Every structure is written in structure tokens, then in C-alpha cells.
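What follows is a set of notes on a single structure, which appears directly below.
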Amino acid sequence: MDMENAIKVEHLSKSYPGFALRDLTFSIPRGCIVGLIGENGAGKTTTLHAILGLVSADEGKIELLGAPYDPRNPALRRRIGVVFEDCGFPPHLTCRSVDRMLRRLYRGLWDADAFAGYCRRFNLPGDKELRNFSRGMKTKLSIAAALAHRPELLILDEPTGGLDPIVREEILDLFSEFIQDERNSILFSTHITTDLEKIADEILFLHEGRLILSGSKDELIYDHAVARCTSAQFADIAPEEYLRRRRLPGGGEELLVDNRQQFALRHPGVVLDRAGIDEIMLFYVKGEEK
Amino acid sequence: MSALLYKDLRNLRRYIVQLLAICLAFGLIFGISNGNFYFVSGYAEMLSLMLVLNSMAYDEQCGWYRCALTMPISRKMLVGGKYLLGLISVVGGMIYALLLSAVGTIFFSTSFLEALCASGASSCVALILMSVLLPALFRYGTEKARLLMVLIFLLPVLLVLLLSRLGLPAPDPSLLIALLIALPFVSVAMYLLSFLLSVRWFQIKLP
């Protein structure tokens, strides 16, 4: 049993016709916010579903909150809060009836005052049916419902997708508050890399079903850089000095490097720019190998 | 389980009110004006079947099952919730039919025993229909199981029409009584077996 990790995944594999999640191994320490990124179809949602037992993995071992996860045993799910892109609550319910339902479900854990507080904070009306809620309102409700039973782990699939920057900011603030308790952890998938840059401690980058990059966000951003060089400069750069390469239409090359300082010392004439998460993703998805 | 039942009843609240209004209207039109209480009790049971179907369609449409399985709800509990809703709606239909029969007995001197048998039999038939339909809905979803739903509603009607065209002699009353006695046991047994099958099939669909 590993009490330090909120999630521990070992050699997780899952195959579908035309897509496979291959041998994922990673762990998420308690007290961390981890962002799961990757292009559409990279396997983010499949990974989250496999962790939650919503799809059966072909291979692999999953531990949640220090215990092996058995999807047929719902007891552990009392300690987890989950938010999907779609709200999941039936359309004729209201915030009030969601409260009454979840009060029965999370007996002894449900904090009705906290739920009412989140609803007030997010301006969610108590008696309006969910079918009349906007997408942002549904997401806010899902987050309020996921937080009000005081979980230790939040797993969220694209929680800020399609939301305006103000709502996104509110949600990110809530995540920051949640993580103030160092036993709590968050794993969330997203396309919005600015959100990751704001709050994530670590990043998992999936590409075509494989985990190709993982680690501390700050180190990732600090170590990686984009080298912009002419064809002549490129000729002097050894293949082991860069990770990926992009040819520029007007001639010249852009290279993704993961040892910024050493590269700058070796090639002082080459322009080096900071690589954001977007650019790192772009190089892996669109760039060429060495 | 009470959370699941609350969710379904709260979500279907408006629909339930509509069904009650329809039952009341049919009770007035066919029961009190025509004295045909048996038809009304059968119709009430069919409507109770529709209640469960609608609740499953809603759940599927909004992605409730996936959401529920991230909460402390087991697959057995999720399936059991629908079977409990089915049972409650059938019992509700039966109570309505019995009330209507009582009205018929008091004001129109119809036989209460006959009405009791008719409402009991239609409740049992509704349970049997649900026993066939629910596993298919859990396995294939409401969209794919639609054809089966049509067949389930049409086949008994076609069978009765066919038998009446064949001009077969009426069955022996003692056979009918034996069937009537066996029907509750058969329907309850089928409902229980159906529940077990639904749990198994639902686990295949969402492991």
C-alpha cells in the first residue's frame, strides 16, 4: 500500500479497434494538481475512464488513495469526486433536488451547507430545471456536487472546456482552495494549456495512446526551449541535442530541446525561446523525429 | 436505493402527473361511461411500463449511468433501482385499477372479484413484459431495444387476433383459473430472473 500516492497506475493498456492505450505507468502524489494533456483522440478520456473502472483495462494495475481499485466495490468512490464534460444529472432535476438526492447517497459525508455555498458562489438557481442550464452552469453544478461530499481526490475530464475565462478562473480558484488541504489531489484532462500553466504542479502528456512526457510543470517549461536556426546552423547540431524538429516554410528549422542551458552554451548563435506547453505539444504532434 | 428512487420520481414528476391525468380521463370515459373497467386497468398497467422506459431513456440521454458509476452506487443497485421503480409503478397501476373497480362495483354493480382478477392479471402481464424488456434495455440501450419494444407490444395483440380467427373452442374455465393462479408466481419468478440477467448484461456493457 502506498499512502503517498493518490493514484498509482502501472502498465495500463486498453485496446479498441483503431486505438490503443499502451503501457501507461504513472503516479500522482497527494497534494498535487496534475494535468493530463494530449491532442484529440490521444487517450485522455480512456485513461480517466480506466482509472475509474468505467472501461475494463486489458492489462495493468490501478491503486486509488492507497488501495487497489475494484470498480465493483463502490465504497472507495465515497472518497472521490468526478466531473465529466456532460453533467450526467437528469434534465428535470434542480439544484435543490440534486442536493436531496446526493444527501441520501453520501449519507454522513454530504455537506449540504457547502453545496448551497458553492451554488450561491456560482449563481446557480435552486429551482431551475437543469435542462434550462447553460453548459457552464452544468459544469459548475457538477463541480459543486463533486466537492460537497468532501472527497480526497478529484478526477475531472475537460472541466473548463467551452467555458468563458471568468468562469474558468472561478473554477481554477476553487481547485486551488481544494488543494490547500495537502491530503487532497486533482487529476484533470484539458486542452486549455493556460489553465495548466496557472495551477498544475505536474503534467502528463499523452500522444497516440502513449505517455510521452511526464514531470513537474515548472521543470518542463524551464528545461524545454525552441531553437530557431538557419539551415547552416542546423547542420552543426547533432541529432542527440534536440528532441523534435519542424521545417519552416521559408527555409530554416525549429527544434525542440530539453536542455536549454547546455544548448545555449554549445550554440550561442542560435535563437532560443521559451517553450510553452502548447509548443511542446505541437512539436510532438506535428513535428518530425530526428 | 432511496436516492435512485427519489431521482427517478423527481425527474419524472411532470410525466407522472400527465399519466395520472390520462388514467383519470380514461377511467371517466371508458370506465364510468361505458362500464369497461377491465380495459382501463390494462391500460393503466401499460402506462406504468412506459414510466420505466421513459426513466431509462432520460438516464441514457443525459449520461447518468456513467456519472452514477463514479458515485457510491454499485451496478446491482443501479439496475435494482429500475426494477424497484417498475414494481412501484405496477403496484400503483394495480391500486388505481382496484379503486376504479370499487367505483364500478358500488355504482354500476359490476363484479369486484372479476375486476380484481383482471387488474391482478394485467399487473402480472406488465411484470412479465418488463422482465423481457428491461434486460434488453440494459444491454442494448433504449435506441437499439426499440424494435424489441414494438414486438413486445404487437405480438400479444397479433396472437390474440390469430387465435380468434382460427375459431378454436374457448379454453376450459378450470384451465383459465389454473393459469390465473399460476400467473403471479410465474411473473414474480420471471421478474427476479430478469433482474439477475440485467445485472449481468449491464456489467458487460459497463464493466
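Worth saying up front: this structure is predicted, and the values here are computed from it rather than measured. Residue numbering restarts at 1 for every chain, and letters A, B, ... go by the order of the sequence lines.
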Open item on the list: Using 30° and 60° as the class boundaries, would you call the ring planes of B:Tyr83 and B:Phe138 parallel, tilted or perpendicular?
Closed with: parallel
Task: Region of A:His149 in contact with chain B, defined by heavy-atom distances below 4.5 Å - done: neither
Task: Within 45° cone and under 6.0 Å: A:Arg100 NZ/CZ vs B:Tyr6 ring - done: no
Open item on the list: Using the rule given for ring pair (Phe, Tyr, Trp, His ring centres under 6.0 Å), can you reason through B:Tyr58 versus A:His92, listing the C-alpha separation, both sets of side-chain angles and the distance that settles it, and then say yes or no?
Closed with: CA-CA 9 Å; B:Tyr58 272 128; A:His92 294 294; 5.2 Å; yes
Open item on the list: Counting heavy-atom pairs under 4.5 Å with chain A, which one of B:Met71, B:Lys7, B:Arg10 comes out on top?
Closed with: B:Met71
Open item on the list: Any donor-acceptor pair under 3.5 Å linking the side-chain atoms of A:Ser189 with those of A:Asp157?
Closed with: yes
TODO: Output the option from B:Pro72, B:Gly63, B:Cys67 having the highest count of non-hydrogen pairs under 4.5 Å with chain A.
DONE: B:Pro72
Task: Residues forming a side-chain contact (heavy atoms from CB on, under 4.5 Å) with B:Ile88, sequence neighbours excluded - done: B:Leu5, B:Leu84
Open item on the list: At a 4.5 Å cut-off on heavy atoms, which part of B:Asn11 comes close to chain A: side chain, backbone, both, or neither?
Closed with: both
- [ ] Pick one of side chain, backbone, both or neither for A:Leu102, based on which atoms fall under 4.5 Å of a heavy atom in chain B.
- [x] side chain
